[in-house]
A.B. asks: 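The structure follows.
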Amino acid sequence: MKLDFATTSMLANMALTGAPETQTLSPEEARLMFSEIYRSMPPGPDEIGSETIEIPVDGGRIEVRILRPSVDAESIMVYYHGGGWVVGNIDDYDCVGRHLANKCKAVVVMVNYRKAPEFPFPIPMQDSYAALKWVDAHRNDLGLDGLPMVVAGDSAGGNLATVMAHRSLAEGGPEIDLQVLVYPVIDGQMSSESQANPDNQLFLTHDIMAYFWDHYATDSDRLNPLASPILKDDLSGLPPAIVIAAEFDILRDEGMAYTERLRNAGVPVVYKCFERQIHQFFALPDALPVGGDAMNWLAQEMDRLLTATERRDAVVVGAGFSGMYQLYKLRELGLSVQVFEAGSDVGGTWYWNRYPGARVDIESMAYSFSFSDELQQEWEWSEKYSPQPELLRYAQHVADRFDLKRDIAFDTRVSSAHYDEENSEWLVTTECGRRIRARYLVMATGVLSASKTPDIPGRDRYQGEAYQTGLWPHEGVDFSGKKVAVIGTGSSAVQAIPMIAEEAEELVVYQRTATFTTPARNHELDPIKTAKIKANYGEYRATQKLNVLGVVDERKMERTFDVSAEERASRFTEGWESGLLPGMMFQFSDLQVEQAANDEVSNYIRDRIRTTVQDSQTAEDLLPNDYPYGTKRPCIDTNYYETFNRDNVSLINLRRTPIETIIEDGIRTSEGTKTFDAIVYATGFDAMTGPLMRVDIRGRDGRKLQDCWSDGPRSYLGIAIHGFPNLFTITGPSSPSVLSNMLVSIEQHVDWVSACIDWMREEGKSSIEPSDDAEREWAEHTAQLADLTLYPKANSWYMGSNVPGKPRMFLAYVGGVGAYRLICDQVAASGYHGFETA
Ligand code: N01
């Protein structure tokens, strides 16, 4: 444990006084001891105006102290002091209030709520609320009109501050603009790891906290969310928060857990944990200089959150390939643009998916930008299917070449985007509280970027290493000598399994649904061949643009049963040998629509599996039997089936022996338990809609996207949504997106959106959105096309079936990239038919 010297010295001095432990004292004695600490402190800045007033509360009167800064105030801060609801008062905390008034340029109203055990829960909380309402009702008399309202507090006072935010929201009480929670008490169950850690038993110990809780709330009252705010189900709609924590504090983890809950509910939170600090450091600014530093930091953040709203022409969310290209195009039109990216670098998919074996499965020469001839000529791909590090380098190269990073804020996740109808613009708020207004909002959030938390019982109990393919550690993972489990057998697992098998001592694959995969036949690229493609890149790109999948290979026009059995076998062998993702599917025109035709190709692949895998039971288990080929995303692989012939690899078929639970050191199925050093979850994504639905997007009349899409997503062309003007989705639901070479679809969408924005500016339009009718017609068309295919027969992420509770519908446009492009072009040429503008 490394505390700073000021803290160590203060704790040493306290130890030398030989003061008894708080929990051994009566509340009265504990209050005297607490006051004694503050009596030894300097009084705080003296240029602060101070007035103490008695106000009525239910069943009595309490004091509030109004502390005014010497400069013009920029906010009102109603402050609830710490002390476990038992000790402390506004005299003890006078110096704290003075410093806050001074540093934060706030009128600080200190509340002397009544204390437990004489006045247990809910009385301190009710007094606090009465004081908040009183301040709000007396704004005019107190000269506080128009100032933003902040509720703040430390420790038990932090608990009261956030509970004020809950009550005000629930009861339509005073409008609160910000909550400041300094190492707040959040959870009466006191079960977090930091509560028990011996290193944290400083100033406030687990035993003292238990003493405070015992005086404040009965066991059942502690389960009331107004005592333990972490227990409130829905935290959405609460005001933004600043949460301050201390590294060596028993309350550290509950503050962090609450921060996560707030963020998950779409509440912007600025969180800072002060290293080498103990509980109470913030409220001892004269003894511990870092307390003063923390107040300065708080003042800065308050200023940013309460006053600053930036402005740009457009906000783009995401800096993967789509966000990068969108930034490039909008800049070309002369727009000011801000891009927000949750990761620390560009690259999107290729930034997050760093699992062993991750690589693209569309040929690199095709899966790359075409918008700049210089770029496509100068970049050299090393392999037919580039591995993830090379794709990430490519993204970084594009960002540097076009100087994109200066408009990208990294490590910044957007929490909400609300449409302001009056001004026809979006107010976008980030998780760390940046607020920015922009006419156009482009969601370039990707389609497979919302990793699905594995829904497997016991997952949190597991004590070993655990990894998710879509959130892989940047430093990589060394599996050598380890027993490893992989759960899932989709594209990510198919790539990772052969690589992990080579490294691990033992690998066990847990398979719920067998996959169809064909050999990738990856190889180094021949420079002579790539030079040939580059010499005709224009033609190559033109072919891609009108191809059904956005590649250069064509589907053959014959139907499966138009040819002899020998010809069929020879075609399928050609597909198998091609090493291309659509290699099998392109052999006949009806494989995706006719069950009998599909049975032929499915049987061919099953035969290949049987001949490759030596153990007959394993081979049987690896046969995909319950969906047609291609209706779940097919894979291409390097040695996937061969890997099951290795001595250190085994397969568990979860259809026969389902997982019962994950335990502390392994996985228990109906057949028995296996222990592991590491578990890899290759369990997929909340695809297509997840990345959009995880942001609190509200359109016209405050309508939430989550509500509008509760029965499934609806949009026009997969680009725009009725009721959400000036919002564009790149490769959104009901566009070809995941059924295509993503780079081709991304470029097509970004070009279309940019042209639309250009047109709006030329025509002097301030808003555009699709009509309800156009959206309905597009939904009918996309569903009708999907119903002509075999896709709906599978339980796939294409159908939303991999996420419990997600409405079942086909999420992409199956009409093909080429046809879709022509439709979009026609809509634009007609003056944006189906759109309403103002
Ligand atoms: O995810 P997935 P992915 N218990 O959803 C299983 C693209 N991609 O990350 O099918 C046990 O395909 C689940 O089983 P089931 C590509 O578009 C491209 O692999 O639901 N198992 C399935 O086997 C791809 O399609 C590349 O029964 C559970 C697996 O986990 C998409 O991303 C590379 C489970 C999830 O497979 C997603 O691929 C990688 C549970 N509770 C990805 N929950 C390229 O090559 C889920 N599973 C470019």
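Note that ligands are numbered from 1 as they come in the structure, with each ligand's atoms numbered from 1 the same way. All residue numbers in this chain count up from 1 along the given sequence.
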A.B. asks: Considering Arg512, Arg359, Gln511 one by one, which has a heavy atom nearer to atom 4 (N) of ligand 1 than any of the others?
C.D. replies: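 Looking at heavy atoms only, the winner is Arg512.
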A.B. asks: Decide whether an N or O pair under 3.5 Å exists between Trp350 and ligand 1.
C.D. replies: no
A.B. asks: Counting both backbone and side chain atoms, is some N or O of Val360 under 3.5 Å from an N or O of ligand 1?
C.D. replies: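 Such a contact does not occur with ligand 1.
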A.B. asks: At a 4.0 Å threshold, what atoms of ligand 1 neighbour a non-hydrogen atom of Gly488?
C.D. replies: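 In order of numbering, the contacting atoms are 6 (C), 23 (O), 29 (C), 30 (O).
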A.B. asks: For Gly684, counting its heavy atoms only, list the atoms of ligand 1 lying under 4.0 Å from any of them.
C.D. replies: 1 (O), 5 (O), 9 (O), 35 (C)
A.B. asks: Which heavy atom of Phe516 sits nearest a heavy atom of Pro628, and at what distance?
C.D. replies: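 Shortest heavy-atom contact: CE1-C, 4.2 Å.
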A.B. asks: Taking 4.0 Å as the limit for heavy-atom contacts, which would you say applies to Tyr367 with ligand 1: side chain only, backbone only, both, or neither?
C.D. replies: neither
A.B. asks: N/O of Trp797 under 3.5 Å from N/O of ligand 1, yes or no?
C.D. replies: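 Right, the criterion is met.
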A.B. asks: Given the rule in the side chain to side chain contact (heavy atoms under 4.5 Å, CB included) test, do Leu622 and Gln511 qualify, once you have shown the distances and angles that lead to the verdict?
C.D. replies: CA-CA 8 Å; Leu622 285 168; Gln511 170 194 278; 3.5 Å; yes
A.B. asks: Do ligand 1 and Ser491 have nitrogen or oxygen atoms that lie under 3.5 Å from each other?
C.D. replies: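 Yes, Ser491 has an N/O under 3.5 Å of an N/O on ligand 1.
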A.B. asks: Keeping Asp361 on the side-chain end and Tyr385 on the backbone end, is there a donor-acceptor pair under 3.5 Å?
C.D. replies: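 Not at all, since once roles are kept as given, no pair shorter than 3.5 Å links the two residues.
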A.B. asks: Do the ring planes of His397 and Trp379 sit parallel (below 30°), tilted (30 to 60°) or perpendicular (above 60°)?
C.D. replies: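 Rings of His397 and Trp379: tilted, as their planes differ by 30° to 60°.
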A.B. asks: Should one rank Asp455, Asp361, Leu581 by closest heavy-atom distance to atom 41 (N) of ligand 1, which comes out on top?
C.D. replies: Asp455
A.B. asks: Would you check whether Pro454 reaches within less than 4.0 Å of ligand 1, judged by its heavy atoms?
C.D. replies: no
A.B. asks: Checking salt bridge (Lys or Arg N to Asp or Glu O under 4.0 Å) against Lys482, which of Glu506, Glu505, Glu465, Glu503 comes through?
C.D. replies: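 Result: among Glu506, Glu505, Glu465, Glu503, Glu465 is the only option passing the salt bridge (Lys or Arg N to Asp or Glu O under 4.0 Å) with Lys482.
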A.B. asks: Mind checking whether Asn353 contacts ligand 1 via backbone (N, CA, C, O), side chain (CB onward), both or neither, at a 4.0 Å heavy-atom cut-off?
C.D. replies: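 Neither part.
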A.B. asks: Could you tell me, atom by atom, which parts of ligand 1 come under 4.0 Å of a heavy atom of Ile487?
C.D. replies: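 Reading through ligand 1 atom by atom, the close ones are 11 (C), 21 (N).
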A.B. asks: I need the minimum non-hydrogen distance between His749 and Thr729, along with the two atoms involved.
C.D. replies: ND1-O, 3.6 Å
A.B. asks: Heavy atom to atom 3 (P) of ligand 1, shortest distance: which of Gly490, Pro634, Ser492 holds it?
C.D. replies: Ser492
A.B. asks: Below 4.0 angstrom from a heavy atom of Lys452, which ligand 1 atoms are there? Numbered from 1 as shown, please.
C.D. replies: 43 (N), 46 (C)
A.B. asks: Run down the list Ala682, Ala358, Ala493 and name the one with the heavy atom closest to atom 35 (C) of ligand 1.
C.D. replies: Ala682
A.B. asks: Out of all atoms in ligand 1, which are within 4.0 Å of some heavy atom of Thr489? Include the element for each.
C.D. replies: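 Those atoms are 22 (C), 23 (O), 29 (C).
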A.B. asks: For ligand 1, which atoms sit closer than 4.0 Å to a heavy atom of Phe685?
C.D. replies: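 Taking each heavy atom of Phe685 in turn, ligand 1 has 9 (O), 37 (C) under 4.0 Å.
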